[in-house]
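Here the structure comes first, spelled out in structure tokens, and everything after it is commentary.
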Amino acid sequence: MAARSRPPTGFTSQPEPRTIGSFARGRQLLNGNFLFAGFLIEGKGLSIWDLPMPDPGFEEALHGAAWLDDLAAVGDRTARTRAQDWVFDWIARFGDGTGPGWTPDLTGRRLIRWINHAFTLLSGKDRAQAQAFFLTLGQQTLFLAKRWKVASPGLPRFEALTGLVVAGLALTGMERHVRPAIAALGRECAREIDAEGGIPTRNPEELLEVLTLLTWARQALEEAGQRPDPAHLDAITRIAPTLRALRHSDGGLARFHDGGRGLPGRLDQALAASGTREMRAGRAMGFARLHAGRASLIADAAPPPSGSASASAHASTLAFEMTSGRHPLVVNCGSGAAYGREWQRAGRATASHSTLAINGYSSSRLGPERAFGKGARAYLDAVPKQVWATTETTPEGLHLAMGHDGYHVTHGMTHLRDLVLAPDGLTLNGRDTLGAMSAEDRRKFEEVLLADPLHGVPFEIRFHLHPEADAQIDMGGAAVSVALKSGELWLFRHDGVGELSLEPSVYLERGRLRPRASQQIVLRADVLDYACQIGWTLTHAQATPSARRASDQTDSDPDL
């Protein structure tokens with residue numbers, strides 16, 4: 001009612017787009033392929049609001065309007081027309097305050113996109129259409145001012161408050177909402193960002209989204225001559241060094257706990273906008289980082305998130321990813337959320353990560369979905385009670401020693417992992433041990449062993465490879481050679497314990513219509529005594545002349 005009586009009449013200054021999405025996703029949308037929340041709907045010629053809604057997550061993704069970023073990445077006349085049609089169709093259908101899009105986080109996300117792309121959305125529109133646009137922006141701003149507190153803590157609330165700050169600064173007549181939003185955003189920063197710059201979900205990509213929102217809000221405030229809350233600025237200062245430590249040498253984020261690599265360029269943009277160039281030493285949000293030469297390795301060296309944050313957590317304890325220069329080598333399968341619940345559940349299992357798993361078990365137990373169906377979510381109901389990690393520099397290189405007791409309850413087993421990255425970054429030596437360490441553990445192991453004394457406790461050590469890495473069994477089955485797109489050749493060997501094989505795998509990433517086929521190196525063995533230990537190496541074997549030239553030209557990366 002207030003917005004209808006005193007709607008905004010325009011912008012206080014010319015908005016500039018701060019968000020650009022994926023060109024590939026933009027082309028998909030223009031071709032009528034709508035991939036959201038794991039569901040692909042083909043609707044060529046249909047309005048986005050006439051699509052069947054297979055899941056609440058699909059509908060929420062539409063109302064969040066992040067697809068405007070993808071259409072902006074295409075940037076041609078067809079994309080502009082489609083963006084205008086869908087936005088003004090939303091105003092006609094939902095602008096009266098009804099519908100599933102009226103939640104604080106979706107409203108904040110939508111406001112940011114509408115304001116960012118306002119120049120495109122209003123291009124060629126008449127006065128009546130512009131008035132309808134500003135009226136709806138005012139309604140959404142007032143809704144946020146009243147309802148941001150009901151948004152879930154974490155990213156949803158940051159989206160709501162950032163949207164309120166941006167809208168309050170950008171729209172005429174909405175300035176009175178800015179100061180309360182600044183104070184509320186500062187309180188959320190102090191509460192949700194810990195002293196080491198981490199968040200409860202331990203999702204690196206989600207942390208990047210939080211930093212991006214905070215830098216947008218800070219920039220908007222400073223351009224308007226206003227100062228952010230000190231806690232807001234402190235949070236940016238704490239987050240940036242953590243994200244820099246979670247950045248691989250190819251510029252992408254480590255993919256853990258439902259997070260992806262991040263949109264191309266967004267990580268570097270956020271780090272540059274943060275104004276700090278430090279990298280966090282030691283563990284960053286529970287992850288350990290080794291970096292030497294052109295190689296970077298990031299390992300999950302802490303328990304999975306607990307409580308409400310466990311709803312999207314992965315059983316990835318002690319898993320690692322490794323990148324050589326600009327090319328990922330060892331990866332995790334990633335988040336299957338974009339392909340539906342079954343893929344999401346599979347992606348959370350230990351077997352989908354580059355670590356050791358007892359056959360048929362995960363290091364953290366994934367509980368069943370409650371009332372499987374609409375809105376159902378899986379959760380972690382059992383996690384390792386003890387996880388430890390130490391890093392030191394030795395003559396052999398950077399040494400990371402880790403362990404967890406996630407199999408203590410089921411098998412009386414503890415997993416120990418030692419990783420040593422050579423000073424030149426050309427060799428990674430690893431040793432994985434699965435053993436019963438205490439008297440209590442040995443008694444439990446003996447109970448398990450009695451059930452199948454001939455086979456003991458079977459386990460696998462998996463090394464998932466990036467889809468662009470071409471692997472094949474070599475040396476009569478004693479090794480696996482892995483060729484990267486750059487021409488580099490890496491050789492995987494083990495100490496002869498267990499059975500070596502090369503098997504199919506998948507690489508899960510948002511923005512693609514289906515999972516990508518890839519490969520994985522698998523070492524299989526059985527624990528027949530109280531412990532079994534397997535040593536392995538991943539060595540840079542040779543390179544083509546072009547790859548050697550690339551290696552000689554050290555990657556000049558100011559953010560590293």
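Heavy atoms only: backbone and side chains are in, while hydrogens, waters and symmetry mates are out. Everything quoted here is computed from the prediction, not taken from an experiment. One is the number of the first residue; the rest follow in order along the sequence.
The backbone N or O of P303 lies less than 3.5 Å from a partner atom in the side chain of R202, making a donor-acceptor pair. Within the 3.5 Å criterion, the main-chain N or O of S22 finds a donor-acceptor partner in the side chain of D70. No side-chain donor-acceptor contact under 3.5 Å links R218 to the backbone of H232. Formation of a donor-acceptor pair under 3.5 Å by the R109 side chain with backbone atoms of A65 is not found in this model. In terms of modelled atom types and a separation under 3.5 Å, the side chain of S249 and the main chain of A295 share no donor-acceptor contact. Checking side-chain atoms of Q520 against main-chain N and O of P504 turns up a donor-acceptor pair under 3.5 Å.
The ring-ring contact (aromatic ring centres under 6.0 Å, His included) search around F459 returns none, not counting sequence neighbours. Scored by the salt bridge (Lys or Arg N to Asp or Glu O under 4.0 Å) test, D69 finds R113 as partners (sequence neighbours excluded). In this structure R238 satisfies the salt bridge (Lys or Arg N to Asp or Glu O under 4.0 Å) test with no other residue, sequence neighbours excluded. Under the side chain to side chain contact (heavy atoms under 4.5 Å, CB included) criterion, R516 pairs with H466, P467, E468, Y507, E509, R512, sequence neighbours left out. Remark: F320 pairs with no residue by the ring-ring contact (aromatic ring centres under 6.0 Å, His included) rule, at least two apart or across chains. Considering only residues two or more places apart in sequence or on other chains, A479 meets the side chain to side chain contact (heavy atoms under 4.5 Å, CB included) condition with M475, L491, R493. Residues satisfying the salt bridge (Lys or Arg N to Asp or Glu O under 4.0 Å) test with E460, not counting sequence neighbours, are R462. Applying the ring-ring contact (aromatic ring centres under 6.0 Å, His included) rule to F158 yields no partners; only residues at least two apart in sequence or on another chain are considered. Legend: residues meeting side chain to side chain contact (heavy atoms under 4.5 Å, CB included) with E205, ordered by chain and number and at least two apart, are N203, L253, R510. Take V480 and apply the side chain to side chain contact (heavy atoms under 4.5 Å, CB included) test, not counting sequence neighbours, and it matches A471, I473, V482, F492, L500, L502, I521. Legend: residues meeting ring-ring contact (aromatic ring centres under 6.0 Å, His included) with F58, ordered by chain and number and at least two apart, are F36. Listed by chain and number, the residues in a salt bridge (Lys or Arg N to Asp or Glu O under 4.0 Å) with D418 are R431 (sequence neighbours excluded).
Q386 and W388 are not linked by any side-chain donor-acceptor pair at a separation below 3.5 angstrom, with hydrogens and angles left out of the test. Side chains of S501 and E503: a donor-acceptor N/O pair is present below 3.5 angstrom, by distance only. Checked by atom type, the side-chain pair H314/D258 shows a donor-acceptor distance below 3.5 Å.
A side-chain contact (heavy atoms from CB on, under 4.5 Å) with E321 is found for one member of H464, H353, H248 and no other, namely H248.
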